[in-house]
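One structure below.
Remember, it's 1-based here, ligands and their atoms both numbered in the order they're listed.
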Amino acid sequence: MKKIIAIYPGTFDPVTNGHLDIIERACELFEKIIVTIAVNPGKAPLFTEEERKDLILKVTGHLKNVEVDSFKGLLVKYAESKNAGVIIRGLRAISDFDYEFQLALTNKKLNAGINTVFMMPNEKYSYLNSSLVRELASYDANIKEFIPEYVLEKLKEKFRK
Ligand code: COA
């Protein structure tokens, strides 16, 4: 099998068990996975870039071939700078498809040498997203099964402040 570097981009505000499930599966398929935080000046995330990095680092500590990074600007340019041959995206439900299809085709147009690989998380995470997790945490709901323990602690700290 070819040794391929894959990037897994996202906002990760915060990383959830659904993301982690994809990262763990991707680790079996690629030489190296770079989980990279998209720093978008138009978004006002709950966790800072450094906090989001720390969360991902902690919850992927058991995986040997994972790196954590962040980027600004065009994803394809970032992928090129990392010699990545693959962009990983999670497909949770059919509702993700239109947006992901547009993203993947645009990225292919910009660089045909970089392939988007779609991966499905376990169905128990198919309805999950970070906004939902943030909202539930703000109401102190029980979200233990959606996020790793460390992320739960940090979310509780955020909403206590
Ligand atoms: N489990 C749980 N939740 C998941 C998930 C999974 N496996 N996969 C995605 N999600 C959720 C995320 O938590 C996020 O939730 P939120 O909207 O509530 O915060 C949502 O799905 C969107 O996912 P995310 O992966 O964070 O995508 P995004 O839309 O924020 O980011 C980029 C997409 C960063 C890849 C894209 O905007 C990009 O490439 N930006 C750089 C600029 C660029 O190159 N633009 C041209 C692109 S063609």
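Taking SG of C27 as the reference point, atom OH of Y8 lies at 11.5 Å (rounded to 0.5 Å). In this structure, the separation between CG on N122 and CD1 on I22 is 10.0 Å, given to the nearest 0.5 Å.
Distances below 4.0 Å separate heavy atoms of K43 from the following atoms of ligand 1: 30 (O). Every atom of ligand 1 is numbered from 1 in the order shown, and the set under 4.0 Å from a heavy atom of I22 is 7 (N). Within ligand 1, counting atoms from 1 as listed, the ones closer than 4.0 Å to a heavy atom of T16 are 1 (N), 2 (C). Interface atoms of ligand 1 facing N129, defined by a heavy-atom separation under 4.0 Å, are 3 (N), 11 (C), 13 (O), 15 (O), 18 (O). Heavy-atom contacts of T106 reach the following atoms of ligand 1: 48 (S) (cutoff under 4.0 Å).
R92 has no carboxylate O lying under 4.0 Å from a charged side-chain N of E123, or vice versa, which leaves the two without a salt bridge. With salt bridges taken as basic N to acidic carboxylate O contacts below 4.0 Å, one links K82 and D69.
If you check which protein heavy atom lies closest to atom 40 (N) of ligand 1, you get F71 CZ, 4.5 Å. Among protein heavy atoms, atom 12 (C) of ligand 1 sits closest to H19 NE2, 3.7 Å. What sits closest to atom 47 (C) of ligand 1 on the protein, heavy atoms only, is L103 CD1, 3.9 Å. The protein non-hydrogen atom at the shortest distance from atom 26 (O) of ligand 1 is T11 N, 2.9 Å. For atom 45 (N) of ligand 1, the closest non-hydrogen atom on the protein side is L74 CD1, 4.2 Å. From the protein, the heavy atom lying nearest to atom 25 (O) of ligand 1 is R89 NH1, 3.1 Å.
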May I have the list of side-chain donor-acceptor pairs in residues 137-156 shorter than 3.5 Å, sequence neighbours left out?
residue : atom : partner : partner atom : Å
S138    : OG   : E135    : O            : 2.6
N142    : OD1  : K144    : N            : 3.2
Y150    : OH   : D54     : OD2          : 2.7

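When all heavy atoms of S130 and H19 are compared, the pair lying nearest together is OG-CE1, 3.6 Å.
At least one donor-acceptor pair under 3.5 Å links the side chain of R52 to the backbone N or O of T11. In this structure, the side chain of N129 engages the main chain of L132 through a donor-acceptor pair within 3.5 Å. Checked by atom type and distance alone, the side chain of D13 pairs as donor or acceptor with a backbone atom of F47 at under 3.5 Å. Counting only distance, with no hydrogens or angles, the side chain of T60 and the backbone of L63 share no donor-acceptor pair below 3.5 Å.
Inside a 4.0 Å radius of atom 4 (C) of ligand 1 there is at least one protein heavy atom.
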Query raised in the report: Would F71 and V39 satisfy side chain to side chain contact (heavy atoms under 4.5 Å, CB included), going step by step from the backbone distance to the final call?
Result: CA-CA 6 Å; F71 75 102; V39 181; over 6 Å; no
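Residue L75 places at least one N or O, backbone or side chain, under 3.5 Å from an N or O of ligand 1. By the 3.5 Å distance cut-off applied to N or O atoms, G90 is not counted among the residues near ligand 1. Checked against a 3.5 angstrom limit, the closest N/O atoms of N107 and ligand 1 fall outside it.
Counted within 6.0 Å of NZ on K158, heavy atoms from surrounding residues, nucleotides or ligands total more than 12; the atom is thus considered enclosed.
When the heavy-atom distances from atom 13 (O) of ligand 1 to S130, G18, P14 are ranked, the shortest goes to S130. Across M119, E100, R92, K77, heavy-atom proximity to atom 10 (N) of ligand 1 is greatest for R92. If you check each of A79, A104, S131 against atom 16 (P) of ligand 1, the one with the closest non-hydrogen atom is S131. In this comparison of Y99, F12, Y125, the heavy atom closest to atom 37 (O) of ligand 1 sits on Y99. Closest heavy-atom approach to atom 42 (C) of ligand 1 within the set G73, A38, P9, P45: this belongs to G73.
Between P14 and R134, the closest side-chain pair of non-hydrogen atoms falls below 4.5 Å.
Of the heavy atoms in Q102, none comes closer than 4.0 Å to ligand 1.
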